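These notes concern the structure reproduced below.
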Protein chains: 2
Amino acid sequence: MNKSYAITLDNPGIEESLRIIKKSIERKAAIIVVGNCWVKYRGRAKSRLEPGERIIIIKEDGALLIHRPVGYEPVNWMPGGEIIYHIETIEEGSRPLLLIRSIRRHPRETVAIYFDQIFLISAFKLVDEGEFSLYASEEDMQKAILLNPSIIEDGFKPIEYEKKVEPGFVDVYGVDKRGRVVVIEIKRRTAGREAVLQLAKYVKAIKTSIGREVRGILAAPQVSKEALTLLESLGLDFKKVDPKKCSEIVHAMSEKKITDYFQSSKQKLLPLK
Amino acid sequence: MNKSYAITLDNPGIEESLRIIKKSIERKAAIIVVGNCWVKYRGRAKSRLEPGERIIIIKEDGALLIHRPVGYEPVNWMPGGEIIYHIETIEEGSRPLLLIRSIRRHPRETVAIYFDQIFLISAFKLVDEGEFSLYASEEDMQKAILLNPSIIEDGFKPIEYEKKVEPGFVDVYGVDKRGRVVVIEIKRRTAGREAVLQLAKYVKAIKTSIGREVRGILAAPQVSKEALTLLESLGLDFKKVDPKKCSEIVHAMSEKKITDYFQSSKQKLLPLK
DNA sequence: GAGTGGATTTCGCAT
DNA sequence: ATGCGAAGTCCACTC
């Protein structure tokens, strides 16, 4: 191994733990502590966690995670950013404890962790420049529809996207082959009642605004049964759109091409009113 | 230390890592791996994470966390539950890699982690029976209002809570001192436009359903300016309620008392229609 | 700094 | 299994 800073201690004492954690925070290393602890949180809410064996991680940006042996979510935490740490040893009766206090302002909140037994401390200066890319988001679906409008239907022409129209933002706004105004609401997962109501609001708002008929299309991989009923009763359309295919379309094109498209299409935008 | 299962290895080889991780998963221990890795995720979406040094945790319930050196959230993960692991060593060129595959159905998704270097493996059978209690949640606010309705206003009498009324669930439903029907929407933080619209929907739905006037009250510590304007224009009321005070009220009472209250109040419930 | 909407949200609860 | 809303949500983005 060739790491600038790497420490691992099995069953360290409280004093030794204090020293290593302080040093590791100074060095901006990621710290892992496994041991028996209890936790108090005060801030937006207030919580108390009774003693038990947990894994805690302190990251170089101050992020704090307290993980129980089960579950994806930390039981207590502090998001990264402007976090201050106070580490000290205290005596409870004649028993030494390690107290880790994590403090942030904005909002003001603190997490206090009391360890009476530590199984492991390990700290590393981690180097991670790796890029992370996520595909098949709602954004991809929108891009794919704008780049390839026939996904929605033949002859559909997008005019605007992310257009503010008082109740909120319309995902895509355009005209169909017969020249009718079309409003599209995109959902990357099963669309529920909420999505239909949102679409209906936009349709109504634009109808009022432009004074003629407006078609509403819900573009999603699926709709819930309730949403489908609602769609039909409101005279809105559903178009099944596969997020993955959208993602493939978008990621098959170079980033430059897409940027260019959105640059040029901006000049073609029609005012909504 | 007195743990039934605890292993820590500094800079283990790929083969040794494989063996230890398999064994630790069998034993349902929590596993920590620190090393250089890259990650592919496929499922509801698709993602790729290029090589870098990270901390990964596999918990006894199968939950998987992949943490970069900064940030509160895992870059990739798998929630606990019905997760299957396949661990193997593979050759890339002449270089041995450790491949950890985490698979779940419902929804079908997989995370594949490739390690080419491992700095640390540590596994523990953790014992954690500690109780977790959270105060000042929306639930506390609801309980406090039901137990002590004068929080809302003098003479208010709750009748139901968490009542399904087509657009969703009404937080609290009751009557005021003049006998008018009251619907309460609770928010534990600054209430925005969204909260007001939600309340308005419930008021409208119930008005239609019972055919007489319905008051709507938004109970929250604060409202946004826009939300306040909207409230006024819709003829809805705002009542400032402090979540922490609510929590104090609730937690000052014994759990039994509260349970008894909710038991008895259920018998007093009036049908909503 | 506040407000708004999305998330591979997760989690829990009710249908 | 599905649907719906809350969360100490967090996060990114706008005003």
Side-chain angles (χ1 to χ4, degrees), chain A residues 39 41-47 63-64 66 70-81 104 106-111 132 134-142 162 164 167-169 171 186-195 198 222-227 243-244 247, chain B residues 39-47 63-66 71-81 104-111 132 134-142 162-164 166-171 185-195 197-198 222-228 243-244 247:
Chain A
V39 184
Y41 157 73
R42 264 212 99 136
R44 285 167 291 181
K46 196 170 128 185
S47 77
L64 169 70
I66 301 171
V70 296
Y72 144 87
E73 288 182 320
V75 57
N76 283 108
W77 70 90
M78 208 66 110
R104 87 161 155 163
H106 318 304
R108 169 77 187 184
E109 44 190 357
T110 62
V111 173
F132 178 71
L134 177 68
Y135 314 99
S137 58
E138 184 170 314
E139 196 188 357
D140 280 349
M141 292 176 71
Q142 192 190 58
E162 291 302 333
K164 178 98 184 175
F169 289 87
D171 287 335
I186 301 170
K187 289 290 165 213
R188 65 169 302 287
R189 297 185 298 170
T190 304
R193 188 170 40 74
E194 204 75 5
Q198 207 169 322
Q222 241 184 316
V223 275
S224 68
K225 214 197 287 181
E226 198 189 350
K244 285 186 194 174
S247 150
Chain B
V39 184
K40 292 176 192 174
Y41 157 73
R42 265 213 97 133
R44 286 166 294 181
K46 196 171 127 185
S47 75
L64 169 69
L65 305 165
I66 302 172
Y72 144 87
E73 288 181 318
V75 57
N76 285 107
W77 71 89
M78 207 68 112
R104 85 162 156 163
R105 287 72 155 52
H106 317 306
R108 168 78 187 183
E109 46 191 355
T110 62
V111 173
F132 177 71
L134 177 69
Y135 312 97
S137 58
E138 182 169 316
E139 196 187 320
D140 279 352
M141 291 177 70
Q142 192 189 57
E162 292 303 329
K163 179 65 194 171
K164 176 103 185 173
E166 228 4 80
F169 289 86
V170 167
D171 287 338
E185 176 65 28
I186 302 170
K187 289 291 166 212
R188 66 168 301 288
R189 295 186 299 171
T190 304
R193 188 168 44 75
E194 205 75 6
L197 292 172
Q198 207 171 321
Q222 241 184 317
V223 274
S224 72
K225 218 197 282 182
E226 198 189 349
L228 187 60
K244 288 186 190 175
S247 152

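All values reported here derive from a predicted model rather than from experimental measurement. In what follows, every chain begins at residue 1, and chains take the letters A, B, ... in the order their sequences are listed. Computation of the quantities below employed the complete heavy-atom set of this structure, encompassing side-chain atoms and omitting hydrogens, waters and symmetry-equivalent molecules.
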Quick one: side-chain contact (heavy atoms from CB on, under 4.5 Å) partners of [X], sequence neighbours excluded?
| X | answer |
| --- | --- |
| A:Glu73 | none |
| B:Ala227 | B:Val196, B:Val223, B:Ser224 |
| B:Gln222 | B:Thr190 |
| B:Ala136 | A:Ala45, B:Pro243, B:Lys244, B:Ser247 |

inquiry  = Can you confirm whether B:Arg108 is buried at CZ, in the sense that more than 12 heavy atoms of other residues, nucleotides or ligands lie under 6.0 Å from that atom?
reply    =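 Yes, because the 6.0 Å sphere around CZ of B:Arg108 holds more than 12 heavy atoms from other groups.
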How many whole angstroms separate atom [atom1] of [X] from atom [atom2] of [N]?
| X | N | atom1 | atom2 | answer |
| --- | --- | --- | --- | --- |
| B:Lys225 | D:dC15 | NZ | P | 16 Å |
| B:Tyr135 | D:dA7 | OH | P | 17 Å |
| B:His106 | D:dT2 | NE2 | P | 9 Å |
| B:Gln222 | C:dG1 | CD | P | 15 Å |

In whole Å, measure the gap between the [atom1] atoms of [N] and [M] for me.
| N | M | atom1 | value |
| --- | --- | --- | --- |
| D:dC4 | D:dG8 | P | 23 Å |
| D:dA6 | D:dC10 | C1' | 14 Å |
| C:dT8 | C:dT4 | P | 23 Å |

inquiry  = Base, sugar-phosphate or nothing for B:Gly192? Non-hydrogen atoms, less than 4.0 Å.
reply    =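 Contact class for B:Gly192: sugar-phosphate only.
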ask   = Taking only residues two or more places apart in sequence, or in another chain, which ones meet A:Arg189 in a side chain to side chain donor-acceptor pair (under 3.5 Å)?
value =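 Here no residue qualifies.
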remark   = Scoring nucleotides 6-13 of chain C by protein non-hydrogen atoms under 4.0 Å (B base, S sugar-phosphate only, - none) yields -SBBSS--
